[in-house]
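Each remark here refers to the structure printed beneath this line.
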Amino acid sequence: MYNQELILVDPTIEFFKTVVRGIYPTIPRDALNYYISILSIKYLKKKSIYISGNSIHREIGFVAEGFIRGYYVNDKGDEITTRIVDRGNFATQYSAFVNQQKSDYIFQCLEDCTLLCFTYSDIQKAYQLHPCLEKFGRLVAEHIIKIYEGRTRGFQFLNAEERYLQFLDNFPHLMNKISINHLSSYLGVARPSLSRIRRNIANR
């Protein structure tokens, strides 16, 4: 039985519906409502860890409010930020989720976050009950892959300033929220070099 209160009342659900229909415009209403019924809402404080990497990656979180970084710790003990997940996107290492393995990355809230979460077991059941949701799962996977392929291409074909400008294009709303340490790590640019790039752009 559907959780009608969740479907009808919570404003984050309306935002989720908008994003889902943007990804899959023809999704049937009953399938979407069933999908919503399996979601759980989590409210996490700034600096909270959403995915630790210490256990099997059993759920994906849709970021309804706030933003999250994904990072790993290198052999020197440095935190290397590799992912920024903002509002309207999915916090996951998708390959670990699909294969039910531990995540290679830690996902940490950079401000208070509201997440709509679904588990691997629930989504497999949803695919059986509503086969059209398999298409939605594929479209979400393609969406996630495009984001991270774009980041990889940035490191291959863009210089440091171009990567910074790409970040401005992709996340203009985060510039006053993300620390320069996290940003420099994400861009693969030393902090002094990033400060110089920002000054040069500001002075043009």
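From a predicted model like this one, the values you see are computed outputs, not experimental measurements.
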Item to complete: Calculate, to the nearest 0.5 Å, the distance between atoms CG and OG belonging to L116 and S40 respectively.
Response: 8.0 Å

Worksheet item: Going hydrophobic residue to hydrophobic residue with side-chain gaps under 4.5 angstrom, can you get from I145 over to Y24?
Response: no

Worksheet entry | Salt-bridge present (R204, E161; N to O < 4.0 Å) | yes

Worksheet item: About how many Å separate OG of S195 and CG of N200, when rounded to the nearest 0.5 Å?
Response: 11.0 Å

Discussion item. Could you tell me if the side chain of R21 sits less than 4.5 Å from the side chain of L32, heavy atoms only?
Written reply: yes

Worksheet item: Hey, quick one: are L168 and L194 part of the same hydrophobic cluster, counting side-chain heavy atoms closer than 4.5 Å, chains of contacts allowed?
Response: yes

Discussion item. Does the Lys NZ or Arg CZ of R87 fall within the cation-pi geometry relative to F67 - under 6.0 Å from the ring centre and within 45° of the axis?
Written reply: no

Item to complete: Assess R83 against Y148: is NZ or CZ under 6.0 Å from the centre of the six-membered ring, and within 45 degrees of the ring's axis?
Response: yes

Discussion item. Less than 4.5 Å apart, side chain to side chain, heavy atoms only: is that true for I27 and V20?
Written reply: yes

Worksheet item: Any side-chain heavy atom of I68 sitting closer than 4.5 Å to one from V63?
Response: yes

Item to complete: Return yes if some donor-acceptor pair links the side-chain N/O of R58 with the main-chain N/O of F97 below 3.5 Å, else return no.
Response: no

Discussion item. With heavy-atom distances below 4.5 Å as the criterion, would you say the side chains of L39 and F16 are in contact?
Written reply: yes

Discussion item. Measuring from atom CD of E149 to atom CD1 of I147, what distance do you get when rounded to the nearest 0.5 angstrom?
Written reply: 11.5 Å

Worksheet item: Do any N or O atoms from the side chain of S184 and from the backbone of I180 form a donor-acceptor pair under 3.5 angstrom?
Response: yes

Item to complete: Would you give the length of the straight line joining atom CD of Q101 to atom OG of S95, rounded to the nearest 0.5 angstrom?
Response: 7.0 Å

Worksheet entry | Lys/Arg-Asp/Glu bridge criterion (N-O < 4.0 Å) met for E14, K17 | yes

Fill in: I60 and F118, any side-chain heavy atoms less than 4.5 Å apart
yes

Worksheet item: What's the verdict on side chain to side chain contact (heavy atoms under 4.5 Å, CB included) for I84 and L174, showing C-alpha distance, side-chain angles and the deciding distance?
Response: CA-CA 10 Å; I84 300 295; L174 299 184; 3.7 Å; yes

Worksheet item: What is the minimum heavy-atom distance between F167 and M175, and which atoms define it?
Response: CE2-SD, 3.4 Å

Discussion item. If you define the side chain from C-beta out and look only at heavy atoms, does anything of Y34 sit under 4.5 Å from K125?
Written reply: yes

Fill in: Pairwise distance CD1(I106) to OH(Y50) - rounded to 0.5 angstrom
15.0 Å

Worksheet item: Between H182, K177, K47, K46, which is the residue that forms a side-chain contact (heavy atoms from CB on, under 4.5 Å) with L110?
Response: H182

Discussion item. With rounding to the nearest 0.5 angstrom, report the CD to SG distance, Q108 to C113.
Written reply: 10.0 Å

Worksheet item: Where is the tightest heavy-atom contact between E111 and G66, given as atom of each residue plus distance?
Response: OE2-CA, 3.2 Å

Worksheet entry | Stepwise side chain to side chain contact (heavy atoms under 4.5 Å, CB included) check, L115 with I41 | CA-CA 6 Å; L115 302 176; I41 301 181; over 6 Å; no

Worksheet item: Any chance the rings of F62 and F90 have centres within less than 6.0 Å?
Response: yes

Worksheet item: Quick one: does NZ or CZ of R69 land under 6.0 Å from the six-membered ring centre of Y71, within 45 degrees of the ring axis?
Response: yes

Worksheet entry | Any side-chain donor near an acceptor of the partner, N89 and H143, under 3.5 Å | yes

Worksheet entry | Minimum heavy-atom distance Y120-V98, with the two atoms named | CE1-O, 3.7 Å

Worksheet item: Nearest heavy-atom pair of L165 and I201: which atoms, and what distance?
Response: CD2-CD1, 3.7 Å

Discussion item. Between Y35 and F15, is there shared hydrophobic-cluster membership here, with clusters defined by ILVMFWY side-chain heavy atoms closer than 4.5 Å?
Written reply: yes

Worksheet item: Under 3.5 Å, is there a donor-acceptor pair between the side chain of D78 and the main chain of N74?
Response: no

Item to complete: Taking all heavy atoms of C132 and all of P28, pick out the closest pair and write down the distance.
Response: SG-CD, 3.7 Å

Practice prompt. Kindly indicate whether the side chain of Y164, heavy atoms from C-beta on, has any atom under 4.5 Å from the side chain of L183.
Written response: yes

Worksheet entry | E65 and T114: CA distance, side-chain angles, deciding distance, side-chain hydrogen bond (donor to acceptor under 3.5 Å, both in side chains) verdict | CA-CA 5 Å; E65 293 292 343; T114 301; over 6 Å; no

Worksheet item: Is there a side-chain contact between V73 and I80, using heavy atoms and a 4.5 Å cut-off?
Response: no

Worksheet, complete the sentence: Shortest non-hydrogen pair, I51 vs H57, comes out as CD1-CE1, 3.4 Å

Worksheet entry | ring-ring contact (aromatic ring centres under 6.0 Å, His included) between F136 and Y127, intermediate numbers included | CA-CA 10 Å; F136 175 62; Y127 291 164; 9.0 Å; no

Item to complete: Give a yes or no on this: more than 12 heavy atoms of other residues, nucleotides or ligands lie within 6.0 Å of atom CZ of R153.
Response: no

Discussion item. If hydrophobic clusters are built from ILVMFWY residues whose side chains come within less than 4.5 Å, do F171 and L158 share one?
Written reply: no

Fill in: Linked, directly or transitively: V85 and I23 (ILVMFWY side chains, under 4.5 Å)
yes

Worksheet item: Would you call R138-E142 a salt bridge at under 4.0 Å N-O?
Response: yes

